[in-house]
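Input: a single structure, listed below in structure tokens.
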Amino acid sequence: QVQLVESGGGLVQAGGSLRLSCAASGRTFSSYVMGWFRQAPGKEREFVAAVSRRGGSTSYADSVKGRFTISRDNAKNTVYLAMNSLKPEDTAVYYCAAGNTVAVVTTTRRYDYWGQGTQVTVSS
């Protein structure tokens, strides 16, 4: 079992930056692929970014490529999402997820554990 707790969300102006963190419980953090997803009001949850178990491979949604960076620190059981050049359309609840898989996957059904989410609001 893995428990995930996100932090770092908030209100920021367009063009600004935020860094989200996701702290995981348990000793097996390094055995999970970690992902970030987001859900805006009235929309489905969508993939944002994912990182492999050792951090050597990443994947990004086209909408955030070049602006967001995912990373992980297995010694601290934490995954991060650095978000730069934020846009109003990035406004959503951001969720951290852990997947018991080898490949860096991008669909919600491939992830086994989810955090409660953290709100990110970007004003224009």
Side-chain angles (χ1 to χ4, degrees):
Q1 191 100 14
V2 176
Q3 293 185 329
L4 304 171
V5 179
E6 302 96 335
S7 61
L11 173 64
V12 64
Q13 288 188 334
S17 300
L18 283 174
R19 189 176 83 151
L20 306 183
S21 298
C22 173
S25 65
R27 300 179 181 178
T28 59
F29 176 75
S30 61
S31 66
Y32 290 91
V33 168
M34 298 300 297
W36 286 96
F37 291 76
R38 67 186 181 186
Q39 189 166 18
K43 295 187 176 181
E44 293 188 352
R45 193 169 298 189
E46 65 174 5
F47 170 74
V48 175
V51 60
S52 61
R53 294 178 295 179
R54 295 186 179 181
S57 179
T58 57
S59 180
Y60 295 93
D62 288 343
S63 59
V64 307
K65 206 169 290 185
R67 300 187 299 122
F68 291 11
T69 302
I70 188 171
S71 61
R72 67 189 296 163
D73 185 338
N74 286 344
K76 295 183 178 180
N77 282 12
T78 302
V79 62
Y80 305 97
L81 185 68
M83 305 185 294
N84 298 313
S85 303
L86 283 161
K87 305 174 181 179
E89 51 263 44
D90 294 319
T91 295
V93 177
Y94 282 71
Y95 297 90
C96 171
N100 189 12
T101 177
V102 173
V104 177
V105 292
T106 64
T107 55
T108 56
R109 63 181 179 85
R110 299 296 301 275
Y111 287 83
D112 304 286
Y113 302 100
W114 293 83
Q116 294 300 306
T118 185
Q119 176 70 48
V120 171
T121 303
V122 184
S123 63
S124 56

**Complete:** For Pro88 and Ser124 the tightest heavy-atom approach is CG-CB, 3.9 Å
**Prompt:** Has the side chain of Glu6 got a donor or acceptor atom that lies under 3.5 Å from a matching backbone atom of Cys22?
**Reply:** no
**Message:** Could you measure the distance from the OG atom of Ser21 to the CG atom of Asp73? Nearest 0.5 Å is fine.
**Reply:** 10.5 Å
**Message:** Under 4.5 Å between side-chain heavy atoms, counting indirect links through other Ile/Leu/Val/Met/Phe/Trp/Tyr residues: same cluster for Val104 and Trp36 or not?
**Reply:** no
**Asked** Are any non-hydrogen side-chain atoms of Leu81 and Phe68 less than 4.5 angstrom apart?
**Response** yes
**Prompt:** If you draw a 6.0 Å radius around CZ in Arg45, do more than 12 non-hydrogen atoms from other residues or ligands fall strictly inside?
**Reply:** yes
**Request:** List the steps and the verdict of side-chain contact (heavy atoms from CB on, under 4.5 Å) for Tyr32 and Val2.
**Result:** CA-CA 10 Å; Tyr32 290 91; Val2 176; 3.4 Å; yes
**Fill in**
The salt bridge (charged side-chain N to carboxylate O under 4.0 Å, His left out) partners of Glu89 (sequence neighbours excluded) come to none
**Least distance between heavy atoms, Ser63 atom then Arg38 atom** = OG-NH2, 3.5 Å
**Message:** If we ignore hydrogens and angles and just use 3.5 Å, is the side chain of Thr78 paired with the main-chain N or O of Lys76 as donor and acceptor?
**Reply:** yes
Could you go through residues 53-61 and list every donor-acceptor pair under 3.5 Å that involves a side-chain atom there, pairing it with any protein atom two or more places apart or in another chain?
residue: Tyr60; atom: OH; partner: Ile70; partner atom: N; Å: 2.9

**Request:** Side-chain contact test, heavy atoms from C-beta onward, threshold under 4.5 Å: evaluate it for Tyr94 versus Gln39 and give yes or no.
**Result:** no
**Item:** Stacked cation flag Arg72 on Tyr80, 6.0 angstrom / 45 deg
**Value:** no
**Asked** How far does OG of Ser31 sit from CG of Asn100, to the nearest 0.5 angstrom?
**Response** 6.0 Å
**Prompt:** Tell me, do Val120 and Leu20 make a side-chain contact under 4.5 Å, heavy atoms counted?
**Reply:** yes
**Within 6.0 angstrom of Lys65 NZ, more than 12 heavy atoms from elsewhere** = yes
**Ser30 to Asn74 - nearest heavy-atom pair and separation** = CB-ND2, 3.5 Å
**Request:** Verify the neighbour count for atom CD of Gln119: are there more than 12 heavy atoms of other residues, nucleotides or ligands below 6.0 Å?
**Result:** yes
**Heavy-atom neighbours of Glu46 CD exceed 12 at 6.0 Å** = yes
**Asked** Would a distance-only check, ignoring hydrogens and angles, find a side-chain to backbone donor-acceptor pair under 3.5 Å from Ser17 to Asn84?
**Response** no
**Asked** For Val105, which fellow cluster members are found when Ile, Leu, Val, Met, Phe, Trp and Tyr are connected by side-chain heavy-atom distances below 4.5 angstrom, either directly or through intermediates?
**Response** Val33, Phe37, Phe47, Val93, Tyr95, Tyr111, Trp114
**Message:** Is it the case that the side chain of Ser25 and the backbone of Gln3 share a donor-acceptor pair, with hydrogens and angles ignored and the cut-off at 3.5 Å?
**Reply:** yes
**Asked** Hey, mind stepping through Asp90 and Arg67 against side-chain contact (heavy atoms from CB on, under 4.5 Å) and telling me if it holds?
**Response** CA-CA 11 Å; Asp90 294 319; Arg67 300 187 299 122; 2.8 Å; yes
**Message:** Counting C-beta onward and ignoring hydrogens, is there a side-chain heavy-atom pair between Met34 and Cys96 closer than 4.5 Å?
**Reply:** yes
